[in-house]
Amino acid sequence: MPEHSASTFLAGAGTNTWTLWLNIMATGAAVALLLLLSVFTLALYLYRDREAPAALQFALANLCATVYIAGDLTSRIDAVTGDLDAVMTPYRVALSAVMMGLAALICMHRVLRRRHEPRWRLAAIYLGGALLASVLWVDHPALIIASNRPTIEGSQVFADYGAAGAPFFVLCMVAFSYTNWRMVRRARRTGGTLAWWLTVIGFVLVFLTGVHDTLREMGVELLPLSALTPGFVAFQVAALAAMVIHYSRTLSERTETDHQLRHLADKATRDPLSGLFNRAFLESHLDGLGPHARGGLLFIDLDHFKVVNDRFGHTRGDALLRAVAQRIDHTMRDGDIACRWGGDEFVVFLADANPDAADSIARRLLEAFESIPAGDSEDLRIGASMGFAELTDDDWRRTLRRADQALYQAKDRGRGVVAIAS
Ligand SMILES: Nc1nc2c(ncn2[C@@H]2O[C@H](COP(=O)(O)OP(=O)(O)OP(=O)(O)O)[C@@H](O)[C@H]2O)c(=O)[nH]1
């Protein structure tokens, strides 16, 4: 085939200046998308996210699409510069990228369908794609007529794709259509209506450009440019948007689940009436303290609380317990842990507190209890007795017993005071 006829043929495939510019811009957009996706995928892997395998397949499909666009662009620039000997290499690169892109799309589809797709199965799909792509690199006239340019003269169908071009192109379109059809169906179930429309539009765009390019290869020009490149980029943008939507939905579902889990964990460690920690939580915290832990335990028991219940009822008693818990909570320092031990008893772990510090905290608590509003009954006042023991025993339970004994001493002394265990 004379050089000028190959050049004319390729020129029909979109080598005027503004088509080239469109290609260059599309390549830039695809590269930018690829970079974004790489960062996104890397972040998913670093956080060991279960969406990472799907994102990786998508990033690979995007990489192949970018390689395709870049290869296509290079071959057109070669055609413009008249360097026809160099045309075949970017063509082969571009077509190999299509094969690998299809493999990546099929793998993504499988990963989306079954979260734990065995890696060897995905590897087999990539190997199949790589084997098919390698056929394009066999530089034998019987297989690739394009490398033997004179023999393609007169044959305008897929001329630049070589002898394997027609079956290859049909195979690609069938595989592409099948994969996309399955993905479109899946998109509706997993991604909702918007993701479905985005996928459909992307698919239709690429499919129409495929038809357009096929007709162009047959000599029927519908548009004055190769529509495949912008179609590919539009598809990538649509697919990326669908992926972002899918992922943001997954994230919000996950946030909701985290919230519920935190709520459940909170419920398991909190006393429902007072909102303070429960006894089980304090016990496990004290169990976890090392032998050199410093501080002590303050045992608090309300004075004559039974009278409150008897005179004003349990609802009023509950409200008083809540008010006491709130005062305890506000008086505690960072690192202290207050729990409702049971009934009208509270135990506070005072971190790093010696008897003097505990005494001043206890007095502040007694003052705080005095501020609890009496409500409509002026004679309703709540006081408390307290016992403190420093953590000097091997076992915190013994310390708690000492604090309890000190509390009884406080009760014996007439209530409303704090006693320190010796
Ligand atoms: N409202 C209410 N009362 C409770 C709750 N748990 C225990 N009580 C009551 O708290 C009271 C505790 O009373 P006692 O331990 O006998 O002691 P007290 O009346 O405070 O007297 P002293 O401790 O000797 O000063 C009992 O009447 C229990 O029924 C609760 O969750 N809500």
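In each ligand, atom 1 is the first atom listed, and ligand 1 is the first ligand listed. Numbers for residues simply follow the sequence, beginning at 1.
- Heavy atoms of N309 found under 4.0 angstrom from ligand 1 belong exclusively to the side chain.
- Taking the six-membered ring for Trp and thresholds of 30 and 60 degrees, W341 and F299 have ring planes more than 60 degrees apart, a perpendicular arrangement.
- Ligand 1 has no atom lying under 4.0 Å from any heavy atom of R316.
- With no hydrogens or angles considered, no side-chain donor-acceptor pair links D258 and T255 at under 3.5 Å.
- Residue F305 has at least one nitrogen or oxygen atom sitting less than 3.5 Å from a nitrogen or oxygen atom of ligand 1, judged on distance alone.
- At a heavy-atom cutoff of 4.0 Å, ligand 1 is contacted by the side chain of L321 but not by its backbone.
- The contact set between ligand 1 and G317, taken as ligand atoms under 4.0 Å from a residue heavy atom, comprises 1 (N).
- With a 4.5 Å cut-off on side-chain heavy atoms, L289 and L391 count as touching.
- A donor-acceptor pair under 3.5 Å is absent between the side-chain atoms of D393 and the main chain of D395, judged by distance alone.
- At least one donor-acceptor pair under 3.5 Å links the side chain of R340 to the backbone N or O of G343.
- Cation-pi check for R270 over F281 is not met; the charged atom does not lie both under 6.0 angstrom from the ring centroid and within 45 degrees of its normal.
- Residues satisfying the side-chain contact (heavy atoms from CB on, under 4.5 Å) criterion with R333, sequence neighbours excluded, are D336, L350, A353, I361.
- Among D271, D310, D301, D318, the residue whose heavy atom lies nearest to atom 23 (O) of ligand 1 is D301.
- In this structure, atom 22 (P) of ligand 1 lies nearest to the protein heavy atom K411 NZ, 3.4 Å.
- Looking only at protein heavy atoms, the nearest one to atom 21 (O) of ligand 1 is H304 N, 3.5 Å.
- The backbone N or O of A357 lies less than 3.5 Å from a partner atom in the side chain of N354, making a donor-acceptor pair.
- Counting only heavy atoms of the protein, atom 6 (N) of ligand 1 lies nearest to G343 CA, 3.3 Å.
- Under a 4.0 angstrom heavy-atom cut-off, R415 registers as being in contact with ligand 1.
- For D344, there are no side-chain hydrogen bond (donor to acceptor under 3.5 Å, both in side chains) partners, not counting sequence neighbours.
- Ranking the protein heavy atoms by distance from atom 16 (O) of ligand 1 puts K306 CD, 4.3 Å first.
- In this structure, R340 counts as a contact residue of ligand 1, since one of its heavy atoms falls inside 4.0 Å of the ligand.
- For atom 17 (O) of ligand 1, the closest heavy atom belonging to the protein is D344 OD2, 4.1 Å.
- The shortest N or O to N or O distance between L302 and ligand 1 is under 3.5 Å.
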